[in-house]
Participant: 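To start, I am sharing the structure in question, which I have written as structure tokens.
So you know, we letter chains A, B, ... as the sequences are listed, proteins then strands, and number each from 1. All values below were derived from every heavy atom in this structure, side-chain atoms included, with hydrogens, water molecules and symmetry-related copies excluded.
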Amino acid sequence: MEKIRTRFPPSPTGYLHIGGARTALFNWLFARQQGGTFVLRIEDTDQARSTEEATQAIIEGLEWLGLDWDEGPFFQSRRTDIYRQFIQDLLDQGKAYFCDCSPELLEKKRESARAQGRKPKYDGTCREKGLGPGPQAVVRLKNPETGTTGFQDLIRGPISFPNEELDDLVLARSDGSPTYHLAVVVDDITMDITHVIRGDDHINNTPRQIQIYQALGRRLPFFAHVPMILGADKTRLSKRHGATSVLAYREMGYLPQALINYLVRLGWAHGDEEIFSKEELIQKFSLSQVGKSAGVFNQEKLLWLNSHYIKESADRDLASLLVPFLREKGFIDPGLDYLARCAGTLKMRSKTLKEMAEAADFYLMEELTFPPEAVKKIFALPESGRILETVSGALAEISEWGENPLEKAFKAVIEQTGIPMKQLAPPLRLALTGKTSSPGLFEVMVALGRERTLKRLQKALDFVKAG
RNA sequence: GGUCCCAUCGUCUAGUGGCCUAGGACGUCGGCCUCUCACGCCGAAAACACGGGUUCGAACCCCGUUGGGACCA
């Protein structure tokens with residue numbers, strides 16, 4: 001069997017967005033699953049809007065998601081000679097012709113066609129004129145006027161269009177530059193693309209492109225059109241629905257596994273399964289299981305997946321991921337060992353890395369500050385001083401610092417003093433974290449270590465005594 | 001306007017003629033667990049757009065309507 005080749009062809013006019021990432025993902029998964037090749041192509045023919053930064057941002061986004069390509073990036077802007085050659089071939093074979101109808105004339109014809117209730121399409125004026133190249137002349141494809149053009153969509157089944165609907169589309173502008181359709185088809189031909197997996201906004205472009213393949217006498221690739229992604233109001237996903245840039249999700253503290261898992265499940269399912277590793281996806285993904293209807297992007301579910309993957313992550317991995325977020329908050333890296341311990345206590349209660357970094361602040365602050373309200377409610381209680389003192393004493397005597405010994409020590413304190421854990425905990429929590437809610441006390445103490453724990457208890461005791 | 005595509009809980013979806021008194025997940029609500037906050041666990045509310053066919057039988061097949069979307073202009 002022929003080797004499968006897929007491609008992802010973004011225009012570098014902005015960042016890699018959610019929708020693009022998903023089509024890239026589907027192409028990548030399909031190629032990986034079939035042992036095929038995934039090609040990255042940058043469609044930068046629109047020189048005015050394309051930028052180097054956007055290209056970089058797209059590449060960075062793909063890399064972050066782990067969607068590695070086997071060939072490319074190829075740049076359309078460097079392939080104009082190839083396009084010209086294909087256009088010339090079509091002209092030589094009489095499959096295309098020059099047309100010098102002025103834009104004004106065309107516009108007038110469209111107007112009157114519309115006024116008469118006819119379709120406003122090119123009427124073929126220059127078709128048989130045998131015109132040569134000229135300063136005003138565009139190149140048009142000579143399309144079949146009757147019959148239908150159709151294809152078998154791998155996701156949607158058969159789709160066909162009446163040829164009368166399609167006029168002689170422009171292949172080259174008057175300056176000789178190729179149009180979008182021509183460039184895409186020539187690229188896909190010359191790059192030996194076997195499967196074109198793209199957004200369903202291209203369904204209507206497909207017959208036009210098929211006609212170019214046919215004029216060129218080339219074999220068609222398989223087409224698979226994946227449904228679009230919508231915002232909560234069911235309109236096309238855009239900035240106004242919130243973050244749409246893949247890299248923005250990185251900055252918000254999302255894990256790439258979570259985004260991948262979310263994106264693949266939007267429009268695709270494998271029974272009742274929700275959680276998929278990349279390896280599982282490569283094994284289980286199938287185009288025929290991709291749904292046909294557009295899907296609404298749901299941040300809540302993404303967030304849930306993210307918290308899931310955070311819980312699954314190793315403490316040490318989280319620690320290194322956390323560093324940039326902590327740096328942004330002005331903390332210096334306290335070392336991976338300590339950070340990993342902290343992360344371990346936080347990962348069950350954080351939905352994003354950013355949230356985790358925020359929750360980790362008390363671990364990293366040299367001096368805790370106690371919120372006045374909490375002081376009033378907790379430290380001001382008559383038994384608080386005694387609790388801090390007693391527990392400090394008991395902890396100082398622990399031989400091995402760990403959750404079990406700590407628990408044992410607390411049991412002893414509770415027995416001796418008759419104060420239940422419920423009352424013991426608040427002043428200690430406030431003393432150790434400066435907060436009224438935090439990870440479990442034993443966990444916190446283990447993460448802090450003996451020295452920090454005792455120091456913080458002492459400081460809190462001083463604070464309480466100072467009143 | 002023309003052409004094309006789509007239609008199961010609020011959202012993502014399972015479902016490919018009988019297994020469906022329609023399953024799972026997110027979210028929501030209630031409970032349990034508990035040193036706080038979470039995690040976790042248990043439970044609840046919540047959907048086959050509508051109308052015709054086909055069939056012994058339809059969420060599933062066909063037609064139409066409605067609604068949404070895309071492309072072209």
Participant: Taking atom C1' in both B:G15 and B:A47, compute the distance separating them and give it to the nearest angstrom.
Facilitator: 13 Å
Participant: Quick one: list whatever passes side chain to side chain donor-acceptor pair (under 3.5 Å) with A:Arg450, sequence neighbours left out.
Facilitator: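 Expected list: none.
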Participant: Test: salt bridge (charged side-chain N to carboxylate O under 4.0 Å, His left out). Region: residues 287-296 of chain A. Which pairs qualify, not counting sequence neighbours?
Facilitator: none
Participant: Scan residues 354-374 of chain A for pairs that pass ring pair (Phe, Tyr, Trp, His ring centres under 6.0 Å), counting only residues two or more places apart or in two chains.
Facilitator: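 Residue pairs with at least one partner in residues 354-374 of chain A: A:Phe370-A:Phe379, A:Phe370-A:Phe463.
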Participant: Could you let me know what B:C56 is paired to, Watson-Crick or G-U wobble, both distances under 3.5 Å, or none if it's on its own?
Facilitator: B:G18
Participant: Quick one, give me the B/S/- string for nucleotides 58-63 of chain B, reading 5' to 3', where B means a protein heavy atom under 4.0 Å from the base and S means that only happens at the primed atoms, P, OP1 or OP2.
Facilitator: ------
Participant: Pick out the pairs of N or O atoms, protein on one side and nucleotides 8-14 of chain B on the other, that lie under 3.5 Å.
Facilitator:
residue : atom : partner  : partner atom : Å
B:U11   : OP1  : A:Lys234 : NZ           : 2.9
B:C12   : OP1  : A:Val296 : N            : 3.0
B:C12   : O2'  : A:Arg265 : O            : 2.8
B:U13   : OP1  : A:Gly267 : N            : 2.5

Participant: Quick one: which residue pairs count as a ring pair (Phe, Tyr, Trp, His ring centres under 6.0 Å) with a foot in residues 410-455 of chain A, not counting sequence neighbours?
Facilitator: A:Phe410-A:Phe442
Participant: What is the distance, to the nearest angstrom, from the CG atom on A:Leu230 to the P atom on B:C5?
Facilitator: 19 Å
Participant: As a test of understanding, state which of A:Asn143, A:Thr206, A:Asn163 forms a side-chain hydrogen bond (donor to acceptor under 3.5 Å, both in side chains) with A:Thr149.
Facilitator: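 Looking at A:Asn143, A:Thr206, A:Asn163, the match for A:Thr149 under the side-chain hydrogen bond (donor to acceptor under 3.5 Å, both in side chains) is A:Asn163.
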Participant: What integer distance in Å separates A:Asn143:CG from B:C72:C1'?
Facilitator: 14 Å
Participant: Can you list, pair by pair, the side-chain donor-acceptor contacts under 3.5 Å of residues 415-426 of chain A, counting residues two or more places apart and other chains?
Facilitator:
residue  : atom : partner  : partner atom : Å
A:Thr417 : OG1  : A:Val413 : O            : 2.7
A:Thr417 : OG1  : A:Ile419 : N            : 3.2

Participant: What is the nucleic acid contact for A:Thr235, judged by heavy atoms within less than 4.0 Å: base, sugar-phosphate only, or nothing?
Facilitator: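 Nothing, no heavy atom under 4.0 Å.
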Participant: Against the six-membered ring of A:Trp28, is A:Lys278 placed for a cation-pi contact (under 6.0 Å from the centre, within 45° of the normal)?
Facilitator: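 Here A:Lys278 passes the 6.0 Å and 45° test against A:Trp28.
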Participant: When both hydrogen-bonding distances must be under 3.5 Å and the geometry is Watson-Crick or G-U wobble, what is B:C72 paired with, if anything?
Facilitator: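 Looking at the geometry, B:C72 pairs with B:G1.
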Participant: Rounding to an integer number of Å, can you tell me how far A:Glu273 CD sits from B:C26 C1'?
Facilitator: 17 Å
Participant: Quick one: classify the glycosidic conformation of B:C39 as syn or anti, with syn meaning within 90° of 0.
Facilitator: syn
Participant: So which nucleotide does B:A49 pair with, by the Watson-Crick or G-U wobble rule with both distances under 3.5 Å?
Facilitator: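 By the stated definition (distances under 3.5 Å), B:U65 pairs with B:A49.
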Participant: Please report the distance separating the C1' of B:G57 from the corresponding atom of B:G18, rounded so that it comes out in whole Å.
Facilitator: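 Roughly 7 Å separates the two C1' atoms.
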Participant: Cation-pi between A:Arg452 and A:Tyr338: NZ/CZ under 6.0 Å from ring centre and within 45° of the ring axis?
Facilitator: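 Because its charged atom sits under 6.0 Å from the ring centre and within 45° of the axis, A:Arg452 does stack over A:Tyr338.
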Participant: Find which nucleotide of RNA chain B each of A:Pro158 and A:Pro426 is nearest to by heavy atoms, and output the residue with the more 5' nucleotide.
Facilitator: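 Its nearest nucleotide being more 5', the pick is A:Pro158.
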Participant: Provide the distance between the two C1' atoms, one in B:A38 and one in B:C33, to the nearest whole Å.
Facilitator: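 Result for the C1' pair: 12 Å, nearest Å.
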Participant: Is there a Watson-Crick or G-U wobble partner for B:U36 with both distances under 3.5 Å, and if so, which one is it?
Facilitator: none
Participant: Quote, to the nearest angstrom, the P distance that separates B:U11 from B:U21.
Facilitator: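 Roughly 24 Å separates the two P atoms.
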Participant: Using the C1' atoms only, state how far B:C61 lies from B:C72, rounded to an integer number of Å.
Facilitator: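 Here B:C72 and B:C61 have their C1' atoms 33 Å from each other.
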Participant: What is the distance from CG of A:Leu432 to P of B:C35, rounded to the nearest Å?
Facilitator: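 The answer, rounded to whole Å, is 17 Å.
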Participant: Listed by chain and number, what are the side chain to side chain donor-acceptor pair (under 3.5 Å) partners of A:His270, not counting sequence neighbours?
Facilitator: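 Scan of A:His270 (side chain to side chain donor-acceptor pair (under 3.5 Å), adjacent residues dropped) gives A:Glu273.
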Participant: For a 4.5 angstrom cut-off between non-hydrogen side-chain atoms, does A:Ile203 reach A:Arg156?
Facilitator: yes
Participant: Take nucleotides 36-50 of chain B nucleotide by nucleotide from the 5' end and write B, S or -, depending on whether a protein heavy atom sits under 4.0 Å from the base, only from the sugar-phosphate, or from neither.
Facilitator: BBBS-----------
Participant: Closest nucleotide of RNA chain B for A:Asn205 versus for A:Arg156: which of these residues is on the 5' side?
Facilitator: A:Arg156
Participant: Show me, pair by pair, the donor-acceptor contacts under 3.5 angstrom made by side chains of residues 386-401 of chain A, not counting sequence neighbours?
Facilitator:
residue  : atom : partner  : partner atom : Å
A:Thr390 : OG1  : A:Arg386 : O            : 2.6
A:Ser392 : OG   : A:Leu388 : O            : 3.1
A:Trp401 : NE1  : A:Met445 : O            : 2.9

Participant: Say you pick atom C1' in B:C39 and the same atom in B:A46; how far apart are they, in whole Å?
Facilitator: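 My reading of the C1' atoms in B:C39 and B:A46 gives 26 Å.
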Participant: Between A:Arg349 and A:Pro439, is any pair of side-chain heavy atoms under 4.5 Å apart?
Facilitator: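 A side-chain contact exists here, since the closest heavy-atom pair is under 4.5 Å.
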Participant: Considering only atom P, compute the distance from B:C71 to B:G31 and round it to an integer number of Å.
Facilitator: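 My reading of the P atoms in B:C71 and B:G31 gives 49 Å.
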Participant: How many Å lie between CZ on A:Arg198 and C1' on B:C5, as a whole number?
Facilitator: 14 Å
Participant: Taking a pair as Watson-Crick or G-U wobble with both distances under 3.5 Å, which nucleotide is matched to B:C41?
Facilitator: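 Matched B:C41 with B:G31 under the 3.5 Å cut-off.
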Participant: Going by salt bridge (charged side-chain N to carboxylate O under 4.0 Å, His left out), name the pairs with one or both residues in residues 301-318 of chain A, residues two or more places apart or in two chains.
Facilitator: A:Glu274-A:Lys301, A:Asp315-A:Lys347, A:Arg316-A:Asp337
Participant: Tell me the interatomic distance from A:Leu305, atom CG, to B:G27, atom C1', rounded to whole angstroms.
Facilitator: 13 Å
Participant: Given the C1' atoms of B:U13 and B:G27, what is the spacing between them in whole Å?
Facilitator: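 Per the computed distance, 14 Å lies between those C1' atoms.
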Participant: Taking atom C1' of B:C6 as reference, at what distance in whole Å does atom CG of A:Asp153 sit?
Facilitator: 13 Å
Participant: Can you tell me the distance, in whole Å, between the NE2 atom of A:His225 and the P atom of B:C71?
Facilitator: 12 Å
Participant: Applying the Watson-Crick and G-U wobble criteria at under 3.5 Å, what pairs with B:G10? Answer none if nothing qualifies.
Facilitator: B:C26
Participant: Using side chain to side chain donor-acceptor pair (under 3.5 Å) as the criterion, list what pairs up with A:Ser438, not counting sequence neighbours.
Facilitator: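 Only A:Arg429 meet the side chain to side chain donor-acceptor pair (under 3.5 Å) criterion with A:Ser438.
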